[in-house]
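Every number for a ligand or one of its atoms is a count from 1 in the order of the listing.
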Amino acid sequence: MIHDRKGVRAMTVSSLATTRRNGRSPATAVSSYTEWDPLEEVIVGRLAGGVFPTWQESMRATMPPGSWRLFQERGGQPFPQDLVDAADEELDGLARALENAGVTVVRPEPADHRASFGTPHWSSSGGCYAAMPRDHLIVVGDTIVESPMSWRCRQFDGDAFRPLLKSYFDRDARWLQAPRPQLTEELFATGDHDEWAITEFEPVFDAADFMRFGRDLVAQRSHVTNASGIRWLQRALGDGFRVHTIEVNDPHAMHIDATLLPLAPGKLLVNRERYVPNQLFDGWEIRKAPQPALPPDWPMYFCSPWVSMNMLSVDERTVVVERQEEPMIELLTDWGFRCIPVDFRHVYTFGGSFHCVTVDVRRRGGDGRYLARVR
Ligand code: DAV
């Protein structure tokens with residue numbers, strides 16, 4: 001029934017949920033199809049050694065204005081040590097909380113991101129960080145894909161995950177890397193009236209612009225993900241998967257995981273400012289995330305406070321949530337979820353929360369069709 005191969009309109013979402021709960025442990029080291037199936041192994045990022053990004057004009061579309069000068073003047077220089085230490089402590093706390101929930105946690109080794117580098121066409125004063133594996137990597141079934149990122153400074157910081165990728169490869173994972181982007185000037189839009197900061201010069205995407213719903217993925221175009229990037233991933237995954245590009249209302253779009261988050265089959269949390277109703281979610285119960293609880297003067301180098309909804313599901317009833325996001329905890333509890341509260345505000349400063357800092361490498365259960373069928 002779940003596979004719905006004959007084109008029969010799938011059963012109700014709540015009966016799906018019951019079927020899925022008994023999924024078996026996958027036989028392969030890498031296997032994850034959804035954002036909510038029972039989590040068995042996860043990568044948690046690390047901030048130590050991180051440096052301010054090296055400025056490029058396309059960042060203007062997504063980065064908070066207060067960061068523009070900082071990135072222009074301090075690209076390649078370490079972040080303030082006290083902020084890094086506080087955030088790393090919270091990342092360690094997340095790792096412990098997940099281990100206590102029975103999940104295997106793997107971490108990248110500490111890396112030094114200060115080294116400058118270049119290509120024949122451009123140079124960067126340094127890298128960035130290995131705190132946000134979700135930007136670099138997406139697991140779809142037994143395949144782990146490295147994304148072709150449009151930020152020049154991030155071309156090598158994902159190398160911090162290579163030892164992990166090689167070890168998954170040794171255990172039979174399919175490992176794909178998108179074509180290395182050239183990131184020459186042609187990729188970057190120059191007109192004031194361009195809708196996006198990047199052109200279609202070559203395929204680029206950040207993996208965090210995709211959400212997984214079994215055999216369907218939902219993607220957004222953004223200032224770091226272009227249509228050819230989405231097409232590349234669709235073609236690489238093959239006919240067994242379908243990538244749907246949805247419209248969102250986010251002039252600063254960069255990463256879909258503070259815009260919508262599926263918590264269980266049929267349960268979708270959305271950003272009230274950004275979500276545009278979509279037929280794909282016909283039959284789903286949609287709730288709006290409450291306003292973030294973060295104080296307005298909290299330092300945010302990379303993103304908006306909406307990372308309050310950037311959460312990680314341990315299974316379809318259990319969500320890791322920031323300890324001080326009380327309205328969110330209330331909403332989730334009322335919706336039937338168990339919350340695992342973890343302190344994470346210092347990580348917010350660096351551009352993400354629980355979803356961004358993780359990659360779920362293995363979740364129990366297999367593929368499935370969860371979205372309404374649209375043509
Ligand atoms: O709301 O600024 C954050 C997403 C981070 N991966 C935002 C997007």
Side-chain angles (χ1 to χ4, degrees), residues 35 42-47 50 53 58-68 70-71 87 90-91 94 128-139 147 149-151 153-154 157-158 161 196-198 204-212 217-225 229 246 248-262 269-276 288-296 298-313 320-322 325 328 344-360:
E35 306 291 336
V42 69
I43 302 173
V44 172
R46 194 187 287 285
L47 190 55
S58 68
M59 292 172 177
R60 208 179 284 280
T62 60
M63 290 296 103
S67 297
W68 299 353
L70 262 180
F71 293 6
E90 290 178 347
L91 285 161
L94 171 64
C128 188
Y129 52 39
M132 307 284 163
R134 187 75 62 179
D135 305 350
H136 293 281
L137 303 170
I138 183 167
V139 173
S147 58
M149 298 175 84
S150 63
W151 280 21
C153 64
R154 298 200 72 185
D157 57 356
F161 303 105
W196 303 110
I198 50 172
V204 289
F205 63 85
D206 277 16
D209 272 322
F210 298 82
M211 274 287 166
R212 298 155 311 142
L217 287 84
V218 170
Q220 70 172 15
R221 279 214 58 180
S222 75
H223 297 290
V224 295
T225 295
I246 63 164
V248 303
N249 177 26
D250 182 2
H252 307 291
M254 174 173 177
H255 305 166
I256 199 170
D257 53 358
T259 296
L260 50 87
L261 189 68
L269 186 71
V270 302
N271 183 316
R272 61 185 64 227
E273 294 174 358
R274 299 177 184 168
Y275 177 68
V276 176
K288 293 176 177 161
Q291 290 291 335
L294 198 67
W298 194 265
M300 295 292 271
Y301 291 139
F302 290 86
C303 71
S304 81
W306 281 110
V307 284
S308 56
M309 61 172 288
N310 183 265
M311 298 178 292
L312 179 74
S313 292
V320 181
V321 51
E322 212 288 328
E325 299 287 349
M328 180 68 83
F344 228 53
R345 282 186 168 178
H346 295 89
V347 176
Y348 282 16
T349 300
F350 295 95
S353 188
F354 307 112
H355 197 262
C356 298
V357 304
T358 52
V359 167
D360 35 344

**Request:** Say whether H355 and E35, considering side chains only, have a donor N or O and an acceptor N or O under 3.5 Å apart.
**Result:** yes
**Item:** Non-neighbouring partners of P65 that pass side-chain contact (heavy atoms from CB on, under 4.5 Å), sequence neighbours left out
**Value:** W68
Could you list each N/O atom of ligand 1 together with any protein N/O atom closer than 3.5 Å, one pair per line with the distance?
from	atom 1	to	atom 2	distance (Å)
ligand 1	1 (O)	R274	NH1	3.2
ligand 1	1 (O)	R274	NH2	2.9
ligand 1	1 (O)	S304	OG	2.6
ligand 1	2 (O)	S304	N	2.9
ligand 1	2 (O)	S304	OG	3.4
ligand 1	6 (N)	H255	ND1	2.8
ligand 1	6 (N)	D257	OD1	3.2

**Prompt:** Ignoring hydrogens and geometry, is there a side-chain-to-backbone donor-acceptor pair from N310 to D257 under 3.5 Å?
**Reply:** yes
**Prompt:** Below 4.0 angstrom, N of the basic side chain to O of the carboxylate: do R134 and D360 qualify?
**Reply:** yes
**Request:** Please report the C-alpha distance between V347 and L47 in whole Å, then the side-chain angles of each, then the deciding distance to 0.1 Å, and finally whether the side-chain contact (heavy atoms from CB on, under 4.5 Å) criterion is met.
**Result:** CA-CA 9 Å; V347 176; L47 190 55; over 6 Å; no
**Prompt:** Are L217 and M211 close enough that some pair of their side-chain heavy atoms sits under 4.5 Å apart?
**Reply:** no
